[in-house]
Amino acid sequence: MGTRNTVRDLETLYREETPITMATCYDYTFARLADEAGLDAVLIGDSLGNVIQGRETTLPVTLDEIIYHTRPVVRGSDSVHVIADMPFMSYQADPAEGVRNAGRMLKEGGAQAVKIEGGRREAETIERMVGAGIPVVGHLGLTPQSVHKFGGYSVQGRESETRDEMIEDARALEDAGIYALVLEMVPAPLATEISEEVDVPTIGIGAGDQTDGQVLVLYDLLGLDTRFEPKFLKRYAHLEETVTDALRRYCEEVRNGDFPRDEHAFE
Ligand code: KIV
């Protein structure tokens, strides 16, 4: 094996109580930068349906599209741990189909692991994937593939019933063999309780500061779309402004003859 972070490296961070850093990533160039910045893990998230494809939901994203985006991420990086998201309907209908599709993420995409949304209902599928040698990350809370069931993108686990169910789900996923658990838009006290309950790292997005790591959508943390302003988001750059400003100046200079100059021309 090379120097790429493995599931064992993430476990070591967890045991040492070092927060795990993760962001989504969808291409070669950003994978190279994620590596250089020292992220522990990247996720080829089905959020690519939103930020790359401009879709309303993640539901139309296909397995082939995730594989397509996973390959350049692997090519662009040497160290970061690479997790590929299982898209809607690639595992829900049948555990055997789920295992085969997860296998494609590793065989064809080069991912080291897959992430799947859902709780107890997916436990059998996860157990089979892990049995086949495929490391699995769970995902509870706001699971965007269930947007139509939830009736929108809201915080999950606020009522005592859904709260108890989420704890049960987390236990079932741990028993099924997940090596990490994403908690999305979960009240901080519940995320803390789940983090204490399970012996695998929890990676939060809108789940407070007591999870064992954090994940954000790359384009959101870079400030590439200021129309999207969820409470949990912190922008570490303002690239929407930077990019539009650069493109505006480029247009201006081409139009007024300031670019290209002699130094940009071949003899
Ligand atoms: O698809 C995605 O980007 C995700 C993260 C938000 C965890 O699932």
Side-chain angles (χ1 to χ4, degrees), residues 10 19-27 30-31 34 39-63 65-70 73 80-92 101-102 105 109 111 113-119 122 126 135-147 150 152-157 166 169-170 173 178-186 191 194-195 200-208 211-222 224-225 228-236:
L10 294 200
I20 295 169
T21 56
M22 179 159 132
T24 63
C25 192
Y26 318 101
D27 70 6
F30 277 119
L39 258 89
D40 298 313
V42 286
L43 168 72
I44 296 84
D46 62 359
S47 52
L48 69 84
N50 309 116
V51 297
I52 303 283
Q53 301 175 337
R55 296 184 188 278
E56 287 279 309
T57 73
T58 58
L59 304 191
V61 174
T62 67
L63 194 74
E65 286 166 351
I66 299 276
I67 291 171
Y68 173 90
H69 284 275
T70 302
V73 169
V80 76
H81 183 65
V82 176
I83 304 160
D85 225 354
M86 296 290 291
F88 182 57
M89 276 304 132
S90 65
Y91 59 91
Q92 286 95 336
N101 286 335
M105 299 291 208
V114 299
K115 175 172 82 57
I116 85 174
E117 295 185 6
E122 307 307 340
I126 292 172
V136 180
V137 177
H139 185 161
L140 292 175
L142 172 65
T143 44
Q145 292 174 19
S146 303
V147 59
F150 296 143
Y153 296 102
S154 52
V155 175
Q156 298 298 308
M166 209 183 297
D169 281 336
L173 294 182
I178 57 165
Y179 73 97
L181 176 61
V182 168
L183 295 175
E184 179 167 356
M185 285 181 72
V186 172
I194 292 174
S195 302
V200 293
T202 53
I203 318 281
I205 171 165
T211 53
D212 305 296
Q214 296 292 327
V215 57
L216 283 175
V217 169
L218 180 70
Y219 286 24
D220 297 343
L221 83 88
L222 294 179
L224 273 162
D225 188 348
F228 185 60
E229 306 190 273
K231 183 171 192 274
F232 62 77
L233 176 63
K234 178 169 177 183
R235 296 197 179 100
Y236 287 85

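As the structure lists them, so they are numbered: ligands from 1, and atoms in each ligand from 1. Each residue takes its place number in the sequence, starting with 1.
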What protein heavy atom is closest to [atom], reported as residue, atom name and distance in Å?
atom: atom 7 (C) of ligand 1; result: Leu43 CD2, 3.8 Å
atom: atom 6 (C) of ligand 1; result: Ile205 CD1, 3.7 Å
atom: atom 3 (O) of ligand 1; result: Ser47 OG, 2.5 Å

**Q.** Heavy-atom gap His139 to ligand 1 smaller than 4.0 Å
**A.**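 His139 counts as a contact of ligand 1 under the 4.0 Å cut-off.
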
Q | Min heavy-atom dist Met22 to ligand 1 below 4.0 Å | A |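 So Met22 does not count as touching ligand 1.
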
Q: For Gly45, take its heavy atoms, then give the atoms of ligand 1 lying under 4.0 Å from any of them.
A: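 It comes down to these atoms of ligand 1: 1 (O), 2 (C), 3 (O).
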
Q: Pull out every atom of ligand 1 sitting under 4.0 Å from any heavy atom of Thr24, numbered as shown with elements.
A: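 It comes down to these atoms of ligand 1: 3 (O).
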
Q) Is Asp85 touching ligand 1 with its side chain, its backbone, both, or neither, if touching means heavy atoms under 4.0 Å apart? A)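 Side chain only.
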
Q. Purely on distance, is any nitrogen or oxygen of Tyr26 under 3.5 Å from one on ligand 1?
A.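 It does not: no N or O of Tyr26 is found under 3.5 Å from an N or O of ligand 1.
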
**Q.** N/O separation below 3.5 Å, Lys115 to ligand 1
**A.**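 Yes, since at least one N or O of Lys115 sits under 3.5 Å from an N or O of ligand 1.
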
Q | Criterion side-chain hydrogen bond (donor to acceptor under 3.5 Å, both in side chains) against Gln145, the qualifying member of Thr58, Asp46, Thr57 | A |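 One option only clears the test, and that one is Asp46.
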
**Q.** Set of residues satisfying side-chain hydrogen bond (donor to acceptor under 3.5 Å, both in side chains) with respect to Asp212, sequence neighbours excluded
**A.**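 With sequence neighbours excluded, Asp212 shows a side-chain hydrogen bond (donor to acceptor under 3.5 Å, both in side chains) to Thr202, given in chain and number order.
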
Q.
Applying side-chain hydrogen bond (donor to acceptor under 3.5 Å, both in side chains), can you list everything that pairs with Tyr219, at least two apart in sequence or on another chain?
A.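 For Tyr219 there are no side-chain hydrogen bond (donor to acceptor under 3.5 Å, both in side chains) partners, ignoring immediate neighbours.
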
Q.
Given 3.5 Å as the limit, does a donor-acceptor pair link the side chain of Gln214 with the main chain of Gly208, or not?
A.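 The answer is yes, because a donor-acceptor pair under 3.5 Å joins these two groups.
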
Q. Under 3.5 Å, is there a donor-acceptor pair between the side chain of Asp40 and the main chain of Met22?
A.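 Pair absent, no side-chain N/O of Asp40 close to backbone of Met22.
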
Q: State the CG-CG distance between Leu233 and Leu216, to the nearest 0.5 angstrom.
A: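 Reported to 0.5 Å precision, the distance equals 6.0 Å.
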
Q. Quick one: does Leu222's side chain get under 4.5 Å of Tyr236's, heavy atoms only?
A.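 SC-SC contact between Leu222 and Tyr236 ruled out.
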
